[in-house]
Amino acid sequence: MSFSRADTISATDMTNCLRGVVYKKQKKEAPPLHPELLKQFDLFRTFGETGTAIQNRLTAFWKKKGSLVSAGDFIPSEELGFTGRYDTICTIGNKLVLYEIKGASKTFFDEVRESKQPRDYHKMQLMIYHRSMLGQYPDIEPRLLYVSRSIFREGKLLGVEIPIHYTEDQLHTVLQRASTVRAALAGGELPPADPAIEEYHGN
């Protein structure tokens, strides 16, 4: 199945409130957010800036080592109908690896270093990227790389690398979420609104 540009959906949007995705695609103004949520979104933007700096530092490191294959590009959107830009592709130990790099607060970094379990929505995003890239790179492995923001601010890098595995059922669930958005855009019922976002702690 081939998707038109109007039917494509951002992979990162798939991890958000589906009702909000419909409003965004319709270019409609969403209902106003609580001031505390607005503050949290401002904090996320700051985290995003740090995340970009972390990605740039890692990309330069991999390039210097000669293991960098791609410093990031847009995923193919024709087959699954998702858009997005992956972070990096590297050759690590003779394996081709698709990395999604995430800056992590001290609290979450300590947690993920112990549990080796990613956040579900990070896994969902990387799953979409990976499946979209398989036609071009059939043997590529998806890995999440969580990097401590607090350690990075000290001028150092400390990361936890988590290989991602997913089932066809998990992929089907994501495709169903996308179908729900497309159905609403075609005049169907709006998806329910998600509850308030989770709270982040630490730096």
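Computed from a predicted model, the values in this text were never measured in an experiment.
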**Prompt:** Using a distance-only test with no angle check, is there a side-chain donor-acceptor pair under 3.5 angstrom linking Ser10 and Thr12?
**Reply:**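 Yes, side-chain donor-acceptor contact under 3.5 Å.
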
Within a strict 4.5 Å, meaning less than it, do heavy atoms of the [X] and [Y] side chains meet?
X	Y	value
Pro118	Ile164	yes
Arg149	Phe109	no
Thr83	Ile75	no
Asp194	Leu18	no
Leu185	Gln26	yes
Glu154	Ile151	yes
Met127	Pro142	no

Give the minimum heavy-atom separation between [X] and [Y], together with the two atoms involved.
X	Y	result
Arg182	Leu80	NH2-O, 3.8 Å
Thr50	Arg153	OG1-NH2, 3.9 Å
Ser150	Lys106	OG-CB, 4.2 Å
Pro192	Cys17	O-SG, 4.4 Å

**Prompt:** Any cation-pi pair here, Arg57 with Phe152, using under 6.0 Å and within 45°?
**Reply:** no

**Audit row: Arg113, Asp110, salt bridge (charged side-chain N to carboxylate O under 4.0 Å, His left out) steps and yes/no** = CA-CA 5 Å; Arg113 185 160 54 173; Asp110 290 343; 3.5 Å; yes

Donor-acceptor contacts, no H, no angles, side chain residues 85-96, under 3.5 Å, sequence neighbours left out:
unit_1 : atom_1 : unit_2 : atom_2 : d
Arg85  : NH2    : Gly72  : O      : 3.3
Tyr86  : OH     : Ser70  : OG     : 2.8
Asp87  : OD2    : Ile101 : N      : 2.7

May I ask whether [X] and [Y] are part of the same hydrophobic cluster, defined by side-chain heavy atoms of I, L, V, M, F, W, Y residues being less than 4.5 angstrom apart, directly or through others?
X	Y	answer
Val97	Leu144	no
Phe61	Val69	no
Ile162	Leu157	no
Val147	Tyr121	no
Tyr137	Tyr99	no

**Request:** Give a yes or no on this: more than 12 heavy atoms of other residues, nucleotides or ligands lie within 6.0 Å of atom NZ of Lys116.
**Result:** yes

**Prompt:** Are more than 12 heavy atoms from other residues, nucleotides or ligands located less than 6.0 Å from atom NZ of Lys24?
**Reply:** no

**Request:** Could you name each residue pair satisfying side-chain hydrogen bond (donor to acceptor under 3.5 Å, both in side chains) that touches residues 124-133, not counting sequence neighbours?
**Result:**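 For residues 124-133: Glu100-Gln125, Lys102-Gln125, Gln125-Tyr129, His130-Tyr166, Arg131-Glu168.
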
Determine all donor-acceptor pairs shorter than 3.5 Å in which one atom belongs to a side chain in residues 170-180; sequence neighbours excluded.
unit_1 : atom_1 : unit_2 : atom_2 : d
Gln170 : OE1    : Thr167 : N      : 2.9
Thr173 : OG1    : Asp169 : O      : 3.1
Arg177 : NE     : Met14  : O      : 3.2
Arg177 : NH2    : Met14  : O      : 2.8
Arg177 : NH2    : Asn16  : O      : 3.1
Ser179 : OG     : Leu175 : O      : 3.1
Thr180 : OG1    : Gln176 : O      : 3.0

**Item:** Stepwise ring pair (Phe, Tyr, Trp, His ring centres under 6.0 Å) check, Phe108 with Tyr146
**Value:** CA-CA 9 Å; Phe108 176 63; Tyr146 288 107; 5.0 Å; yes

